[in-house]
Amino acid sequence: YGKCGSVEDARKVFDKMAVRNVVSWTVMIAACAQSGRSKLALQIFRQMQLEGVVPNKITFVTILNACLCPTVSAEGRLIHAHIIARGLESNIVVGTAIVNMYGKCGNLENARSVFDKMPDRDVVLWTAMIGAYAQHAHGKE
């Protein structure tokens, strides 16, 4: 249901699940994020944590994709702090999602800071950083 854009139907199935694990929570968060329902994705992320489910790398990448607009950039910074606390910032996939999130929100200083700290840089990370500069008319950087 989530892939088809029917967040409500996905939520009904999710709410009826007797046992939910990090995968089911992440899938529900992804359904919301992909449908542009950032605030709902963030609510579900918070509920997941309240229920004692620990987010993994994929969960963090997924929720960061819900934080790509300025209206939820403060939440993105809080999620970044969670990622740092879990020691996941240097993971290439997670780091790229952080750079992308800051870049899309126009926070080029934080995007560059995360980029510079990455121990390895692949083409996807480079593209996220270059795209952030290009999107905000900083072509020379």
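The chain is numbered in sequence order, starting from 1.
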- Task: Starting from the C-alpha separation in whole Å, work towards a yes-or-no answer on salt bridge (charged side-chain N to carboxylate O under 4.0 Å, His left out) for Glu75 and Arg46.
- Result: CA-CA 11 Å; Glu75 287 88 345; Arg46 284 193 280 289; 5.3 Å; no
- Working to the nearest 0.5 Å, report the span between CE of Met48 and CE of Met28. 13.5 Å
- Item | Reference residue Val22; test side chain to side chain contact (heavy atoms under 4.5 Å, CB included); the match among Ile58, Val27, Asn56 | Asn56
- Between the NZ atom in Lys12 and the CD atom in Glu8, the distance rounded to the nearest 0.5 Å is 8.0 Å
- Message: My understanding is that only one of Ile83, Val99, Leu125 makes a side chain to side chain contact (heavy atoms under 4.5 Å, CB included) with Val114; could you say which?
- Response: Val99
- Task: Supply the atom-to-atom distance Arg77 CZ to Cys67 SG, rounded to the nearest 0.5 angstrom.
- Result: 10.0 Å
- Could you grab the distance from atom CD of Gln34 to atom OG1 of Thr62, nearest 0.5 Å is fine? 8.0 Å
- Message: To the nearest 0.5 Å, what is the distance between SG on Cys105 and CD on Gln135?
- Response: 9.0 Å
- Neighbour count >12 (heavy atoms, 6.0 Å) for atom CD, Glu109: no
- To the nearest 0.5 Å, tell me how far Asn107 CG sits from Met101 CE. 8.0 Å
- Using the rule that two of Ile, Leu, Val, Met, Phe, Trp, Tyr join whenever any of their side-chain heavy atoms come within less than 4.5 Å, decide whether Phe45 and Met17 are in one cluster. yes
- Query: Are Val124 and Ile130 connected, step by step, through hydrophobic side chains (Ile, Leu, Val, Met, Phe, Trp, Tyr) whose heavy atoms are closer than 4.5 Å?
  - Reply: no
- Side-chain H-bond candidate by donor/acceptor type, Asn110 with Ser113, under 3.5 Å: no
- Query: Can you hop from Leu78 to Leu68 via hydrophobic side chains spaced under 4.5 Å?
  - Reply: no
- Any Val19 side-chain heavy atom under 4.5 Å of Ser24 side chain: no
- Is any side-chain heavy atom of Pro55 less than 4.5 Å from a side-chain heavy atom of Arg86? yes
- Is His80 close to Val94 at the side-chain level, that is, under 4.5 Å between some pair of heavy atoms? no
- Message: Taking side chain to side chain contact (heavy atoms under 4.5 Å, CB included) as the criterion, tell me which of Ile98, Val93, Ile79 meets it with Phe60.
- Response: Ile79
- Message: For a 4.5 angstrom cut-off between non-hydrogen side-chain atoms, does Val53 reach Asn21?
- Response: no
- Task: Would you name the heavy atoms of Ala128 and Thr96 that are closest together and state the gap between them?
- Result: CB-CG2, 4.2 Å
- Item | Atom of Val7, atom of Ala31 and distance for their closest heavy-atom approach | CG2-O, 3.6 Å
- Message: Taking Ile63 as the starting point, is it possible to reach Ile92 by hopping between hydrophobic residues whose side chains are less than 4.5 Å apart?
- Response: yes
- Is a donor on one side and an acceptor on the other found under 3.5 Å between the side chain of Asn100 and the backbone of Gly103? no
- Message: Donor-acceptor check, side chain of Ser38 to backbone of Ala66, threshold 3.5 angstrom: yes or no?
- Response: yes
- Verify, without hydrogens or angle tests, whether Arg121 (side chain) and Asp116 (backbone) share a donor-acceptor contact under 3.5 angstrom. yes
